[in-house]
Amino acid sequence: MKFSSSYEPNQFEPDIYAAWESAGVFSPSVPTVPVDADANGYDDRLKNTSVYSIVMPPPNANGNLHIGHGLTVALEDSLTRYYRLRGRSTWYIPGADHAGFETWVVYERALEAQGHTRFEYDRNELYARVWDFVAQQRGNMEVQLRALGASCSWNDLTFTLDENVVDRVYTTFEKMWNDGMIYRGEKLVNYCPKHQTAFADIEVEHKDEPGTLWDIAYDALVVSTTRPETLFGDVAVAVNPNDERYKDLIGKTVHLPLTDREIPVIADEHADPEYGTGVVKITPAHDFDDFEVGERHHLERIQVISEDGHMINVPDKYYGLTTTECRKQVLKDLEKEGLLKGEKKLTHSVAHCYKCGTIIEPMLKEQWFVDVKTLARTAIEHLNNNEIKFYPESKKKVLINYLENLKDWNISRQIPWGIAIPMFKKINEEATDEPDWIFDRRTNLKEIEKSGVKYIRDEDTFDTWFSSSHWPIVCTNWSEENPTPYYPLNVMETGVDLIFAWVARMIMMGLYVTGEVPFKEVYLHGMVLDAHGKKMSKSKGNVINPMDLVVKYGSDAFRLGIIRGRSAGMSQAFSENSVIAGRNLCNKLWNISRLIQSLVDETPEDTLSRSIFSDGENTEQASPVTTGASLRSEKDVSLASYSTLNMGEDWICREINSCLEQVEADIETYRFAEAADTLYSTIWDKYADWFLESQKLYKNIPLLKKTLETLLIALHPFAPFVTEAIWQNLSWTQGFIITQIWPDKLEFDPISAENFENIRIIVSEVRTTLQALPGANNAKKYDLMYDRDSLVEDNLDLIQSLTKVPHLRALEGSPKGLRLTLANRELYLDVPEKVVKEYKDALTEKILSVGRELDALNLRLQNPNYVERAPEHLVKETRGQIAEKEQLISRLKNQLTLI
RNA sequence: GGGGAUUUAGCUCAGUUGGCUAGAGCGUACGAUUCACAUUCGUAAGGUCACAGGUUCGAGCCCUGUAAUCCCCACCA
């Protein structure tokens, strides 16, 4: 493979992914089912390898990835690749979601487009049809996951309708049924009349909307309501027990308008004396609060709105009207009878279907419910026991708070596309000894017979979250007989918006099924907002498609871009600029590698070996006096395949080591942005700008190779493709980078490294001073002069090449020109007096500003408390600084007098 | 009503146990450039760390309060 001269990710990314995949490098090295060959109760292969497991939140099987998936994959895959490099047996388990409701909505729309409705088919037929529909659409998201570089174990992909998932869900359901945690209840549920299905509370969107509050006379009492059409379902009116105005009426009855019914006046705390007239009509079948009032007072529930949104159980006049039509008619009739006492505009929040926006109708329905008391309490105990570490930490409190107030969980959905609820209802009523409902796994059958009694299957399917809550269990193939070392997961990474719907339920279910928390850590990423911090939405037209960016800038650039500036739990803006910055880094690395490869190519083998085992031809540049070269013994040379010969080499080793330390600490605490940032500045600002510039003189080939390899491996988790592409292009590397071992720290001489740091300071000051001088093109005009300075004297070529000054020479005679001030060295720029004079203002300003700093330092030291109480090293440091500043000022002043 | 956050450069964000002159990227200005890279190199400007108190030798960081913004949950007859 030949390095192409420009970085073009599209030309190698697909090939590299295919090569990884066919080499099987994504599979965990330790099989996922434990093997106890010698029957000692332990899988011996686990002795030397620790495992790392992580599951992917399953994207919609027949959908496309959106920007949030892009972030999720970038984060999860970086973790996966990092721990793989660290030698763990790493299992990143991909998934695909049947996306019950989402897919159903799409399918139903397609069905309607063909002029059909769901009601023409029975449940089995619909299920089969959607299955085919999904099968046809499937595959896009898997292609896209590959494009993002997800190093997941494809053989282990779990689909949410896979047999083992259904099995596990049924097993749990059966256990809950036997434990008495499942009950069938007639309760008010959130019901979408359009989709004709119930929703869990979390699936409902509340929006503030303008509405009207009408006052209606029920005899002597005036009630306030926003929904007059439901009055036919009223079974009582309530007043607050402490409300003096109505005390006498409690227990009496009032006439329900437009009907011939009398309804009781009851006392209930629900009635707020401050609100409206303080009198509330009670409609248990169509209002959540009223339902509870009804429970407390054992009131009848009269359903007056049908599941398709029409009036039922009402006087003939109103029968069959839609709710909207009925409201109009009711208001008209009330007005006519003089019972409408007033109306007032208000804003109230209205529940909407999160998919179609239809107003959610609270509907009385028989559904399956999970009693969550024990589940929630157990989860809270384990959370309080710190068994799961949260990133960000604050979300744990939020979760506990949620669990403390959790209501029973409605798990029935009236949608064919999902896992059938394995419950069957008795048909023959006369078989009174048999239970009304029985559990049975044969949900492929509509009707079953047991002990001579016929049962018919419940048509409903499970809430997606009921099965999803088993995700860590089913993905790792955990079972009672075969506990796997990969369960609990090391981490659960997902969006902060799923903390209740998914994370909470996985914890409850994990504990219920396995007795263990399902994961040891949770990392919740925030939402990806647009460049202006606004939510992305189709209607705003600000949606960013991750694949567009991958095509435009490459997968690595996208991954580097999307994690930039992002921290746990925070919703943060995202713009193409950060992807461009990522692409630029990849390009930089590409060119760095090309440079090093070309240096390798042009260095003959025999020179190479000489430079390892002797000082070689570069002795003249290296400083025998100041670099501490003598500390580098032959031992170093023989231990490693590289050695440091020049200061810049020790310096870069020092910088790379501290970079590695930083990156390790950051990844292990999920500080992705900081880790990538550290790599960015190490590769660019340190490796390329200083080390490689200095290597243009010295060319320590073994060290160049070693340091490049180190940086490539360290960046691999974040930019997998370009690092692998370079690895494959380099002439001396072997195998895949993805399966390399995370680099050890490099050996270096700290004194020498510090000397290079001093050279950097000198070079920087020369550059700054030259830029500040009047006139253009200063860099090439003036010589740099030094006076008895061995560090400079020993590194003339290096300094000259970095500063680009024409010549470096020893000062002859008395000082002249412009003295460099910050470096604290005898260095002068050979600048004519005229130019120096023009520089005078800058110099004066400098003296003033250093003076201000000096004053501040002196003030600190004059504070006796500081000297007494601050740590000694800080006080000492301050004294040192004062001395330094004083020297600097005197040098500056001296300079000024010379002018 | 309950809970959780945020406020630092023009923009997007770092700043971990309190410690020197508060950092980065982008953007801006100025300068450079055959010799790995214009997807480049060099330099600079730009901040009362939302506000007011407090603790401390020392506060962007800790405490109290205020303001603004955001998210979630519940309620709104």
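Below, chain A is the first sequence line, B the second, and so on; all start at residue 1. The basis for the numbers below is simple: all heavy atoms, side chains too, and nothing from hydrogens, waters or symmetry mates.
In this entry B/rG47 has no Watson-Crick or G-U wobble partner, no candidate having both defining distances under 3.5 Å. If you check B/rU34 for Watson-Crick or wobble pairing at under 3.5 angstrom, you find it has no partner at all. Taking a pair to require two hydrogen-bonding distances under 3.5 Å in either a Watson-Crick or a G-U wobble arrangement, B/rU12 pairs with B/rA24. Both distances falling under 3.5 Å, in either a Watson-Crick or a G-U wobble arrangement, place B/rG53 opposite B/rC63. Across the strands present, B/rG18 finds no partner; the criterion is a Watson-Crick or G-U wobble pair with both atom distances under 3.5 angstrom. As the counterpart of B/rU69, B/rA5 is assigned, both hydrogen-bonding distances of the Watson-Crick or G-U wobble pattern falling under 3.5 Å.
Note: CG (A/L589) to P (B/rU40) measures 14 Å, nearest angstrom. The distance from atom CD of A/E868 to atom C1' of B/rG58 is 14 Å, rounded to the nearest whole Å. Rounded to whole angstrom, the span from the OH atom of A/Y275 across to the P atom of B/rG1 amounts to 15 Å. Protein atom CG of A/L595 is 6 Å distant from nucleotide atom P of B/rA36, rounded to whole Å. With rounding to whole Å, A/Q662 atom CD is found 16 Å from B/rA24 atom P. The distance from atom CD of A/E205 to atom C1' of B/rA74 is 16 Å, rounded to the nearest whole Å. What separates CG of A/N863 from C1' of B/rG19 is a distance of 14 Å, to the nearest Å. A/K781 has its NZ atom 13 Å from the C1' atom of B/rA32, to the nearest Å.
Between A/T768 and A/W684, the residue anchored nearer the 5' end of RNA chain B, judged by the nucleotide with its closest heavy atom, is A/W684. The nearest heavy atom of RNA chain B to A/T878 and to A/S578 marks one nucleotide each, and the one closer to the 5' end goes with A/T878.
Between A/L188 atom CG and A/H286 atom NE2 the span is 8.0 Å, to the nearest 0.5 Å. Atom OH of A/Y670 is separated from atom CG of A/L75 by 11.0 Å, given to the nearest 0.5 angstrom.
Heavy atoms of other residues, nucleotides or ligands lying less than 6.0 angstrom from CD of A/E393 number 12 at most.
The residue A/K396 sits apart from the nucleic acid: no heavy atom pair falls under 4.0 Å. When heavy atoms are screened at a 4.0 angstrom cut-off, A/K876 is found touching no nucleic acid atom at all. When heavy atoms are screened at a 4.0 angstrom cut-off, A/K397 is found touching the sugar-phosphate backbone but no base atom. At a threshold of 4.0 angstrom between heavy atoms, the contacts of A/E693 include nucleobase atoms, whether or not backbone atoms are also involved. Within the 4.0 angstrom heavy-atom criterion, base atoms lie near A/P871. No contact: A/K281 has no heavy atom under 4.0 Å from any strand. Residue contacts shown for A/E393 are absent, as no nucleic acid heavy atom lies under 4.0 Å away. Within the 4.0 angstrom heavy-atom criterion, base atoms lie near A/D272.
Ionic pairing of A/E693 and A/K696 is present here: one or more N-O contacts between side-chain nitrogen and carboxylate oxygen are shorter than 4.0 angstrom. A salt bridge is absent between A/K699 and A/E602: the closest approach of a Lys/Arg side-chain nitrogen to an acidic carboxylate oxygen does not fall below 4.0 angstrom. The pair A/E295-A/R301 meets the salt-bridge criterion, with a side-chain N (NZ, NE, NH1 or NH2) lying under 4.0 Å from an Asp/Glu carboxylate O.
With C1' as the reference atom, B/rA22 and B/rG47 are 8 Å apart, rounded to whole Å. Annotation: B/rA14 and B/rA24 have their C1' atoms spaced 7 Å apart (nearest Å). Rounded to a whole angstrom, the distance from the P atom of B/rU40 to that of B/rG25 is 12 Å.
The aromatic rings of A/Y523 and A/F672 lie perpendicular to each other, with more than 60° between the two planes, well past the 30° mark.
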Please list each protein N or O that sits under 3.5 Å from an N or O in nucleotides 11-14 of chain B, with the distance.
from, atom 1, to, atom 2, distance (Å)
B/rC13, OP1, A/A573, N, 3.3
B/rC13, O3', A/Q572, NE2, 3.3
B/rA14, OP1, A/S567, OG, 2.7
B/rA14, OP1, A/Q572, NE2, 3.2
B/rA14, O3', A/E674, OE2, 3.4

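Exactly one residue among A/K345, A/E343, A/H348, A/K344 makes a side chain to side chain donor-acceptor pair (under 3.5 Å) with A/T212. That residue is A/K345.
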